[in-house]
Amino acid sequence: MTLADSGTDFSTSNLVAVEPGAIREDTPPGSVIQYSDYELDTSSPYAGGAAWIEGEYVPASEARISIFDTGFGHSDLTYTVAHVWHGNIFRLADHIERLLDGARKLRLASPYDETEIAEIAKRCVGLSQLREAYVNITLTRGYGKRKGEKDLSKLTSQIYVYAIPYLWAFPPYEQIFGTSAVVPRHVQRAGRNTIDPTIKNYQWGDLTAASFEAKDRGARTGILLDADGCVAEGPGFNVVVVKDGALASPSRNALPGITRKTVFEIAHARGISAELRDVTSRELYDADELMAVTTAGGVTPITSLDGAAVGDGEPGPITVAIRDRFWALMDEPSDLIDTIRYDVDR
Ligand SMILES: Cc1ncc(COP(=O)(O)O)c(C=O)c1O
């Protein structure tokens, strides 16, 4: 399938939402990515999306936060996005650990501990009834008693959580058939001495500019370099290069992605070398295979870079093997997954 005949409108957002009201995206028949077959009980106001805002569960459509929250005004926050697949939430503890590590670097105190955050997240999913969900946990510096308070010591931090139908950075058909990327000419990824990209944050100015440039140049997404010309990351994903059977991904100016961690573990379990290190732009263009890896897009083969084929222009064997193993993990009992309880009182 080419991108042109997929029928998708490649709007400027890097996330591809399912149809309004729908809870499933079309997936290629027989592929490893298949939604659960179930119906929502729409008598519950939480059906299809639930949020936790200031100590209360609310239907996602009613979730509102204060305009005075410095998360909004100054992007003074950190967040994570975990996913639920076939009723199992994946690596929630790792997501919360990364969230709280980021908070520590920002000197941002969490109002809840790991266990409490995990319970809230799982309950949002349970209430939503979604077997496949996108789960956002955002920790902001919050707001003060005085409207627009800027004295950081007078702000009360907040945690907001929501579970909604899956939002794909790379929808299933791109994960199966491949996608296209460009290296932006006009923007670089913020470096660690600016807005530290290892702390997951809503500063998306550079990533959004890259998405626009990619669209202008007829590609699906962008792979940003850093100020040294080394590979950083893309709008919502880590980049993994494959050369001569070995994997490499940038050790700096990129988020320590949970999906990338999983990809590396899968590789190591198969005796494939996988290394975090500087990756030069030359290595990007010389790669045998390229992967975009993210919670919101699994393991997606990038089959075209700056209009030229990557390798032979088809999803490569290592990428495909890792992608399939990644999705298989969602159904295997292990300490990577937690089964959601959907039977709790609504
Ligand atoms: C900028 C950026 N890099 C990388 C990733 C991938 O991280 P993860 O695998 O933890 O979802 C994301 C996820 O959304 C991201 O926003």
Side-chain angles (χ1 to χ4, degrees), residues 13-17 75 77-85 89-102 121 132-139 162-164 166-171 174-175 179 181 184 187-192 194-211 214 221-226 230-241 247 249-267 274 276 279 290-300 302 319 322-323 325-327 329-330 336-337:
S13 165
N14 77 310
L15 289 178
V16 181
S75 203
L77 54 73
T78 183
Y79 78 112
T80 194
V81 172
H83 79 282
V84 176
W85 198 254
I89 191 159
F90 189 63
R91 302 199 95 148
L92 180 60
D94 288 331
H95 278 280
I96 295 174
E97 188 186 322
R98 184 179 66 188
L99 178 88
L100 296 180
D101 273 354
E132 282 73 40
Y134 175 102
V135 183
N136 180 307
I137 306 171
T138 300
L139 169 54
Y162 59 82
I164 55 173
Y166 225 98
L167 286 175
W168 293 105
F170 300 101
E174 287 180 46
Q175 292 179 56
T179 196
V187 67
Q188 296 172 333
R189 183 64 170 135
R192 57 191 153 174
T194 60
I195 300 154
D196 186 350
T198 66
I199 307 171
K200 197 165 160 70
N201 66 77
Y202 285 154
Q203 182 294 111
W204 267 58
D206 46 4
L207 303 176
T208 302
S211 292
T221 192
I223 297 176
L224 292 93
L225 305 182
D226 66 15
C230 287
V231 177
E233 58 187 340
F237 60 90
N238 286 117
V239 178
V240 178
V241 300
L247 273 52
S249 186
S251 52
R252 58 175 168 154
N253 294 329
L255 186 74
I258 307 292
T259 315
R260 180 173 76 174
K261 179 176 178 177
T262 310
V263 164
F264 272 36
E265 287 171 6
I266 294 171
L276 288 180
V279 177
L290 287 178
M291 304 177 202
V293 305
T294 168
T295 296
V299 178
T300 300
I302 297 175
T319 306
I322 291 180
R323 176 199 68 201
R325 180 70 193 127
F326 175 80
W327 285 103
L329 286 175
M330 306 308 145
L336 300 180
I337 59 174

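Whatever order the structure lists ligands and atoms in, that order sets their numbers, starting from 1. Quick note: numbers below take in every heavy atom, side chains included, and nothing from hydrogens, waters or symmetry partners.
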Near [X], which atoms of ligand 1 are under 4.0 Å from a heavy atom of that residue?
X	result
Gly257	7 (O), 8 (P), 9 (O), 10 (O)
Phe237	2 (C), 3 (N), 4 (C), 5 (C), 12 (C), 15 (C)
Leu255	3 (N), 4 (C), 5 (C), 7 (O), 12 (C)
Ile258	8 (P), 9 (O), 10 (O)
Trp204	16 (O)

### Message
Let's go through Val84 and Val135 carefully: what are the C-alpha distance in whole Å and the side-chain angles of both, what is the deciding distance for side chain to side chain contact (heavy atoms under 4.5 Å, CB included) to 0.1 Å, and is it a yes or a no?
### Response
CA-CA 8 Å; Val84 176; Val135 183; 3.9 Å; yes

### Query
Which of these passes side-chain contact (heavy atoms from CB on, under 4.5 Å) with Arg260: Val239, Leu276, Leu247?
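It is Leu276, the one option of Val239, Leu276, Leu247 that forms the side-chain contact (heavy atoms from CB on, under 4.5 Å) with Arg260.
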
### Nearest heavy-atom neighbours spanning Glu233 and Leu255
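In terms of heavy atoms, the two residues are closest at OE1-N, 3.0 Å.
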
### Query
Which heavy atom of Ala274 sits nearest a heavy atom of Ala267, and at what distance?
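What the structure gives for the nearest pair is CB-CB, 4.1 Å.
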
Compute the shortest N/O to N/O distance between [X] and ligand 1 and return yes if it is under 3.5 Å, no if not.
X	value
Glu233	yes
Lys200	yes
Leu207	no

### Query
Can Gly236 be said to touch ligand 1, with heavy atoms closer than 4.0 Å?
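A heavy atom of Gly236 does come that close to ligand 1.
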
### Message
Give me the residue, atom name and distance of the protein heavy atom closest to atom 11 (O) of ligand 1.
### Response
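Its nearest protein heavy-atom neighbour is Thr295 OG1, 2.7 Å.
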
### Query
Can you tell me which residue and heavy atom of the protein come closest to atom 9 (O) of ligand 1, and the distance to 0.1 Å?
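Scanning the protein heavy atoms, the shortest distance from atom 9 (O) of ligand 1 goes to Thr259 OG1, 2.6 Å.
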
### Message
Using only atom types and a distance under 3.5 Å, with no angle test, would you say the side chain of Arg189 pairs donor to acceptor with the backbone of Ala254?
### Response
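Checking the backbone N and O of Ala254 against the side chain of Arg189, no donor-acceptor pair under 3.5 Å is found.
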
### Message
So does Ala232 get a backbone contact from the side chain of Asn253, meaning a donor-acceptor N/O pair under 3.5 Å?
### Response
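Not a single qualifying donor-acceptor pair exists.
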
### Nearest candidate to atom 10 (O) of ligand 1, where distance is taken over non-hydrogen atoms, out of His95, Arg98, Arg260, His83
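It is Arg98 that holds the nearest heavy atom.
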
### For Tyr162, all residues meeting ring-ring contact (aromatic ring centres under 6.0 Å, His included), sequence neighbours excluded
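Tyr162 satisfies ring-ring contact (aromatic ring centres under 6.0 Å, His included) with no residue once adjacent residues are dropped.
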
### Task
Decide yes or no on side chain to side chain contact (heavy atoms under 4.5 Å, CB included) for Thr262 and Phe90, but give the supporting numbers first.
CA-CA 10 Å; Thr262 310; Phe90 189 63; 3.7 Å; yes

### Task
Flag the pair Trp168 / Tyr134 as yes when their ring centroid distance falls below 6.0 Å, and as no otherwise.
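They do not qualify: ring centres at least 6.0 Å apart.
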
### Task
Would you kindly specify which portion of Tyr202 sits under 4.0 Å from ligand 1, judged on non-hydrogen atoms: side chain, backbone, both or neither?
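Looking at Tyr202 and ligand 1, no heavy atom falls under 4.0 Å.
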
#### Entry: For ligand 1, the portion of Asn238 having any non-hydrogen atom under 4.0 Å away
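The part of Asn238 near ligand 1 is both the backbone and the side chain.
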
